Amino acid sequence: MAKKNDLVIRAAKGEQVERTPVWLMRQAGRVLPEYREVRAKMGGFKQLVETPEFACEVTIQPVDILGVDAAIIFSDILVIPEAMGLPYQMIEAKGPWFEKTIKTVDDIAKLKIAEPEDLHYVMDAIKLTKKELNGRVPLIGFAGAPWTIFSYMIEGSGSKTFSKAKKFLYTQPELAHVLLQKITDSTINYLKGQIAAGADMLQLFDSWAGVLSPAQYDEFALKYISQICDAVSEVPFTVFAKDAHFARKKMGQLSCDTIGLDWTMDIAESRALIGSNKTLQGNMDPCLLYSDFETIKKETKKMLNQFGAHRHIANLGHGLYPDLEVDKVKCFIDTIQEFRF
Ligand code: CP3
């Protein structure tokens, strides 16, 4: 059996590590031609997500090809709205689209609280991937944070401003809380199911955190993230809230192990706000990987020094972009794995 690599888990728990571990948000799909081949064979994204043996294959691709220190299960945050009763489609070159959206109290009443069995294909993919990884690297499970999932359920697709979702908060705050609580309960069930299936670590993605005001973020986002962190405490847990500068201090109070930073967040300032009890994850600008190899190496080392040897998991400040070159991505990973303090 290959030597067990549990660097990411140990770094999340604040234990000593021989070197800084690295994985990348959106490492499966996006940049690998091998992914596109499997997707073409499957006839689309959703078929891939819903077929455990292929989800397993593309989950392991970045471990084999890029050499990352963790795998993240191939799925999407939108499986939760679907399990609650709002099916999604993934439209080529456009992104997600929901035929039904939430408008009324009745729409919310009709939604079910998702159970792990409703997402059996994710559970099966996790079980299979754990078996295939055979302890080589930890497997990360994930879900969208309630506010981000709420946004898709109201808007029905991506948006620049998320003004429909925000309008709902301003005009029907009580109803918004009912929906957010249903999403939260579903997410807790889902994440607990992922742990039971074998996920070694979990991450919550709050991709649209940045459209809320600090007060709204407290009321409509952090409240529910906090419930999830408290309810799901069996494995190391990361919260990544993109553009949530204003929430960093409060995020330091969550009962999770790791806080993800985006590239606009100053590292020293984030450490001061979040405190020394959390591991920080991030936070290179993905666009650095468009530059030349020398610049990538120099900037990556600078980032490692800024975070320091303790309590850091290296990553990008958001997901990889589809047109990045694999060699440049590999250069970022190699630089981190070769670096010693
Ligand atoms: O990290 C990984 O590689 C694991 C799989 C993963 C996917 N989506 C696969 C995917 C993860 C962790 C996600 C999370 C996700 N999905 C988020 C949060 C992270 C973030 O980027 O902010 C969000 C907001 C979504 C919703 C979503 N899914 C959008 C907006 C889109 C379309 C645009 C895009 O990102 O390509 C997707 C599609 C999607 N999810 C793809 C993949 C590989 C591309 C589909 C394809 O063309 O094959």
Side-chain angles (χ1 to χ4, degrees), residues 8 22-51 54-63 65-66 68 70-82 86 88-98 121-122 125-126 129 137 139-153 155-160 162 165 187 190-191 194 199 201-211 238-244 260-263 281-283 286 315-324 329:
V8 170
V22 57
W23 70 278
L24 307 177
M25 289 189 276
R26 311 300 297 273
Q27 67 190 16
R30 287 276 172 102
V31 298
L32 295 178
E34 291 84 352
Y35 162 76
R36 282 182 221 117
E37 257 171 52
V38 180
R39 193 189 56 179
K41 195 164 71 184
M42 285 304 295
F45 173 77
K46 257 190 115 171
Q47 290 87 325
L48 225 173
V49 164
E50 290 165 12
T51 313
F54 291 103
C56 166
E57 183 180 346
V58 298
T59 298
I60 297 178
Q61 280 175 351
V63 179
I65 299 164
L66 301 172
V68 283
I72 178 160
I73 193 68
F74 189 82
S75 185
D76 201 88
I77 62 169
L78 303 175
V79 300
I80 275 287
E82 182 160 280
L86 296 186
Y88 72 97
Q89 289 177 36
M90 197 58 81
I91 298 171
E92 188 76 38
K94 274 193 127 173
W97 184 74
F98 289 84
Y121 58 87
V122 180
I126 291 175
T129 307
V137 292
L139 179 61
I140 304 171
F142 71 92
W147 157 247
T148 290
I149 297 298
F150 173 97
S151 303
Y152 279 107
M153 291 172 95
E155 301 268 348
S157 66
S159 160
K160 275 212 173 87
F162 287 93
T187 304
Y190 179 43
L191 292 174
Q194 294 189 35
M201 203 171 166
L202 295 169
Q203 176 157 322
L204 212 55
F205 288 89
D206 209 358
S207 305
W208 312 127
V211 299
T238 302
V239 177
F240 171 65
K242 173 107 189 351
D243 296 322
L261 305 181
D262 70 50
W263 69 89
Q281 176 173 278
N283 72 339
N315 205 313
L316 300 170
H318 199 193
L320 283 164
Y321 298 134
D323 62 342
L324 286 166
V329 177

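In this text, all values refer to a predicted model and were calculated from it rather than measured experimentally. Ligands are counted one by one from 1 in listed order, and the atoms in each one are counted from 1 as well. All values below were derived from every heavy atom in this structure, side-chain atoms included, with hydrogens, water molecules and symmetry-related copies excluded.
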Taking ring-ring contact (aromatic ring centres under 6.0 Å, His included) as the criterion, tell me which of W23, F240, F205 meets it with F142.
F205
With respect to F74, which candidate in Y121, F54, F45 satisfies the ring-ring contact (aromatic ring centres under 6.0 Å, His included) definition?
F45
Can you list the residues that meet the ring pair (Phe, Tyr, Trp, His ring centres under 6.0 Å) rule with F162, with sequence neighbours excluded?
W208
Check ligand 1 against the protein and report each N/O to N/O distance under 3.5 Å, formatted as atom name, atom name, distance.
residue	atom	partner	partner atom	Å
ligand 1	1 (O)	R26	N	2.8
ligand 1	3 (O)	Q27	N	3.3
ligand 1	3 (O)	A28	N	2.9
ligand 1	3 (O)	A28	O	2.8
ligand 1	8 (N)	R26	NE	3.4
ligand 1	8 (N)	D76	OD1	3.1
ligand 1	16 (N)	D76	OD1	3.1
ligand 1	16 (N)	D76	OD2	3.3
ligand 1	21 (O)	R26	NH1	3.0
ligand 1	21 (O)	H318	NE2	3.3
ligand 1	22 (O)	S207	OG	2.5
ligand 1	22 (O)	H318	NE2	2.7
ligand 1	28 (N)	D76	OD1	2.8
ligand 1	35 (O)	R26	NH1	3.4
ligand 1	35 (O)	R26	NH2	3.0
ligand 1	35 (O)	R30	NH2	2.4
ligand 1	40 (N)	R26	NH2	3.0
ligand 1	40 (N)	D76	OD1	2.7
ligand 1	47 (O)	R39	NH1	2.4
ligand 1	48 (O)	Y35	OH	2.3
ligand 1	48 (O)	R39	NH1	2.7

Y88 and F98 aromatic ring geometry - parallel, tilted or perpendicular at 30°/60° bounds:
tilted
Can you run down the salt bridge (Lys or Arg N to Asp or Glu O under 4.0 Å) pairs that involve residues 25-38, sequence neighbours left out, and say none if there aren't any?
none
Which residues share a salt bridge (Lys or Arg N to Asp or Glu O under 4.0 Å) with K242, sequence neighbours left out
none
